[in-house]
Amino acid sequence: MKEIYNPAEIESAAQSYWETNNSFKVTEEPGREKYYCLSMFPYPSGKLHMGHVRNYTIGDVVTRHQRMLGKNVLQPMGWDAFGLPAEGAAIKNRMAPADWTYSNIDYMKGQLRTLGFGYDWSRELATCKPDYYKWEQWLFTELYKKDLVYRKNSIVNWDPVDQTVLANEQVIDGRGWRSGALVERREIPQWFIKITDYADELLEELDTMDEWPEQVRTMQRNWIGKSHGVRFAFPYELDGKQEQLWVYTTRVDTIMGITFCAVSAEHALALHAAKENSELAAFLEECQTGSVAEADLATMEKKGLPTGINVTHPLTGEQIPVWVGNYVLSGYGDGAVMAVPAHDERDFHFAKAYGLPITQVIQVGDESFSTDGWEEWYADKGRGTCINSGKYDGMSYSDAVDAIAADLEERELGEKRVQYRLRDWGVSRQRYWGSPIPMIHCDKCGIVPVPKADLPVVLPEDIEFDATGGSPIKKMPEWYQVSCPECGGDAERETDTFDTFMESSWYYARYTCPDADDKMLDERADYWLPVDHYIGGIEHAILHLLYARFYHKLMRDAGLITSNEPFKKLLTQGMVIAETFYRNEEDGSKSWFNPDDVTVEHDDKGRAISAKLAADGNPVEIGGIEKMSKSKNNGVDPQSMVDRFGADTVRLYTMFTSPPDQSLEWSDEGVEGASRFIRRLWNLAWNRRDAITAPGDLSNLNDQQRTARREIHTALKQASFDYERQQFNTVVSAAMKIVNTLYKLGDTPADRAILNEGLSITLRLLGPISPHVTHTLWRELGYGDEILNALWPQTDETALVQESIQYVIQVNGKVRAKIQVPADADKAAVEAIAIADDNVQKFVGDNTVRKVIVVPNKLVNIVAN
RNA sequence: GCCCGGGUGGCGAAAUUGGUAGACGCAGCGGACUUAAAAUCCGCCGGAGGGUAACCUCCGUGCCGGUUCAAGUCCGGCCCCGGGCACCA
């Protein structure tokens, strides 16, 4: 052991120790409790950012803690390796996406190693490897056979200059990111997986997933968007032909209040009417270019034009005018709605704007209805009864819905229907760097899935990108020209690749058996799954987590696994944020400076008052605290922090500064503090190394020593509780409290015994958080070989027992005294001592004591007036 | 607009879920050690007022009201900040 704490040295030694001993390699042990802890795998973008460090530290802390509880713990790591940035880098650096990706993986893996994360690297996977994507290709062909996969036309962004399809991220302000050309919408055939077949199961299971944050469950519920309603038609005649306008509504009870219909700008009826009407045609054009951001839509002005077409009310036979409305969504339901301005807020504002009639058909109690302004109760579904509705008058919501739906059904003009917002999952991407879609197009046989024996369809990695960014495999006849597996004739491969969400939807399962070479998953999957604890960013709340849940059910129904859900517990960690600094440039733009390059001046209260750029000494503006990002240049490089302070300090700081689900504000001073604490621990161990030799006798302690031991075990109890509820910041503070207590101990045999016990507890509490320094001290002080496998410390309840207890005495709810009472005193005795106190007497005065509340071992409240 | 979070010292945050508000840390101040500095160790540290002092009093958890012996915590109403989103008929 050395006098001076040297993180670089002890950390690399500890890491080598774990590597040579395969400390984190695990196998299935039937009968032993397993724990599968997983952090969302990274995209290999180049280097780790602070968000990764936080995510993976949380995962590693959970992993090491569960291991010390005696469980068989799996924590794997891998790479979400397909994706668009590799193509951009390929064009820019004139290198193959595969080479760029592999070199990034190499570098980032080294970074993960220096942070001391305990991964079972024998299970490492990269989703761009054929032995990985082979199995999702196989599953896709199986789904095709089960009729869960289909092909249909869908719209893509087309760059007319580069002659290539663009991903949404590559469209900037409606223009191609490279060419700058106006992007066109083109319809091409694409592959879909029927996630809607699983919508109900995906929705209903959310109710049972009580270890997921409520926020995430709500977001998924809304995304699936199930509603119960009625779909019905308005007949009309057009060019002498009988047609029907179909709409969907959840408020068919208001059907007698329809005063117009509204269709979306893309609706066939609108397009037809626009042929004869140039004003309408211009309006439809305008609707195409408006903002599509949801928040804008919510506050957007309601606009519309009449089509000049009338339809017939299915029950009254009345003529109803059809309008085009910018508030009608083309993609939901039939792209058309019935409008009941009296009982729908959007319809109301539209009717007011265009002078359309408003007819009240629902009455709630004695509320008074007026067309002057909108009232909340007008649209209160389920309240009130029908009026002005002929034979439906007096009916409640559910009676009216049943009766009206029955009448519509009788006329063959409608029926009840469950509607979802969720759409089928479009998985085709016209990109290169992804898994090829294993389908063959044969002129004779049609679509033929690639047989299992021919899988995987390997993506060629040794390619060159031309400047357009178009997918190279689309220009490689030697790759896509094949013979048909069925008839043997000439055929062509699908040249589109899968959406990268396909790979990230099942990687958690493949880690359980990454070497299975004849099956997607083997029997080991059921030992480890479901994942007990999944950790990642909130940005994946909907898409990734919904697709992974869907995929899990697909794999279950393919007979590969038996569980229903992939992730038992979910933790969404908070953002990492930092101060920003900028200068206003002459052209009105801002240039942002990294906090590393700025010196901040504080006033005597410690408030930041001004900041200067270190390079030129001139002032910069303080821009407020924001999420670490490239655009604000406020990212702190984890590597430079590890180099300066060591991984243990960086890990301790990220755990100590905020609870895991809240945002974490970076502060250099805070990191210094974390580093100072670790040195304080090290110095204690060094200075008292001769005293910490063996456990001593704890049975004969004086008052001071008993207090010290009580403080240690109180902190331990709190820390164990906080580990369970994953509030790691207070775990660190508990360890700090114990160290503070240990510093105050003397050097008698009893003090040495307490020190020995206290330090062994502290090291184990911190073991999961700062593993290197605790590993080293554990061995140097002779506690054992591996703290990693040490058992979690138990609270000694007898150490918590006190001879006398401090009671807080309140008079009328205000603290007036603190008294020491023997621990065995009964309620009456406590009361008596409390009332006898001088200060209590002073405040009770001449008043009569009405009531005395005694909270055992805590507090007495005397009510007097 | 709607749905989640959140609002506590100069700052990051605690408060074992209704029982001493501010633990632990950062910054700051004071002291010890040192020729000196750094490092380290010890102490003080919400505001106002009183006392030589140990201490004492009043105010204080975004704002207003309520429930309770007791509210940072529960209920009702509002104001800010952060994140997300379905104009879904």
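A note on names: the letters A, B, ... follow the listed sequences, proteins ahead of strands, and every chain is numbered from 1. No experiment lies behind these values; they were computed from the predicted model shown.
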Subject >> A:Lys814 vs B:A71: side-chain N/O to OP1/OP2 distance below 4.0 Å >> reply: no
**OP:** Calculate the interatomic distance between A:Ile538 atom CD1 and B:C3 atom C1'; express it in whole Å.
**Re:** 12 Å
**OP:** For the pair A:Glu3 and A:Trp682, evaluate side-chain contact (heavy atoms from CB on, under 4.5 Å) and give the outcome as yes or no after the intermediate values.
**Re:** CA-CA 8 Å; A:Glu3 181 174 358; A:Trp682 184 273; 6.0 Å; no
**OP:** Answer with base, sugar-phosphate or nothing: what part of the nucleic acid does A:Asn740 contact at a heavy-atom distance below 4.0 Å?
**Re:** sugar-phosphate
Original post:
Between A:Lys744 and A:Ala674, which is nearer to the 5' end of RNA chain B once each is assigned its nearest nucleotide?
Top reply: A:Ala674
**OP:** Check the distance between B:G25's C1' and A:Ile769's CD1 and give it to me in whole angstrom.
**Re:** 14 Å
Subject >> Per-nucleotide protein contact string for nucleotides 13-22 of chain B, where B marks a base within reach and S marks sugar-phosphate only (heavy atoms under 4.0 Å, - for neither) >> reply: SSS-B-BB--
Subject >> Syn/anti state for B:G9 [syn: chi within 90° of 0] >> reply: syn
Subject >> Under 4.0 angstrom between A:Arg217 side-chain N/O and B:C3 OP1 or OP2 >> reply: no
Original post:
For A:Asp347, which contact category applies under a 4.0 Å heavy-atom criterion: base, sugar-phosphate, or nothing?
Top reply: nothing
**OP:** Using only heavy-atom distances, determine whether the side chains of A:Glu711 and A:Thr741 contain a donor-acceptor pair under 3.5 Å.
**Re:** yes
Original post:
Does B:C41 have OP1 or OP2 sitting under 4.0 Å from an N or O in the side chain of A:Tyr743?
Top reply: yes
Subject >> Value in whole Å for how far the P atom of B:G5 lies from CG of A:Leu571 >> reply: 15 Å
Original post:
On the ring face of A:Phe843, is A:Arg816 found with NZ or CZ under 6.0 Å from the centre and within 45° of the axis?
Top reply: yes
Original post:
Quick one: is B:A39 close enough that its OP1 or OP2 comes under 4.0 Å of any side-chain N or O from A:Asn683?
Top reply: no
Original post:
Mind checking whether A:Trp686 and A:Arg689 have side chains closer than 4.5 Å, heavy atoms only?
Top reply: yes
Subject >> Polar contact flag, side-chain donor to acceptor under 3.5 angstrom, A:Asn740-A:Arg680 >> reply: yes
Original post:
When the distance from CZ of A:Arg423 to P of B:A86 is rounded to whole Å, what number comes out?
Top reply: 11 Å
Original post:
Any side-chain N or O of A:Arg346 under 4.0 Å from OP1/OP2 of B:C88?
Top reply: yes
Original post:
Do A:Tyr5 and A:Asn683 get their side chains close enough for a donor-acceptor pair, meaning under 3.5 Å?
Top reply: no
Original post:
So, is A:Arg680 close to the B:A39 phosphate, meaning a side-chain N or O under 4.0 Å from OP1 or OP2?
Top reply: no
**OP:** Determine whether any donor atom in the side chain of A:Arg679 lies under 3.5 Å from an acceptor atom in the base of B:A39, or the reverse, and answer yes or no.
**Re:** no
Original post:
A:Gly225 near the nucleic acid: base, sugar-phosphate alone, or nothing, with a heavy-atom cut-off under 4.0 Å?
Top reply: nothing
Original post:
Which label fits B:U67, syn or anti, where anti is any glycosidic angle not within 90° of 0?
Top reply: anti
Original post:
Between atom CG in A:Leu545 and atom P in B:C85, what is the gap in whole Å?
Top reply: 14 Å
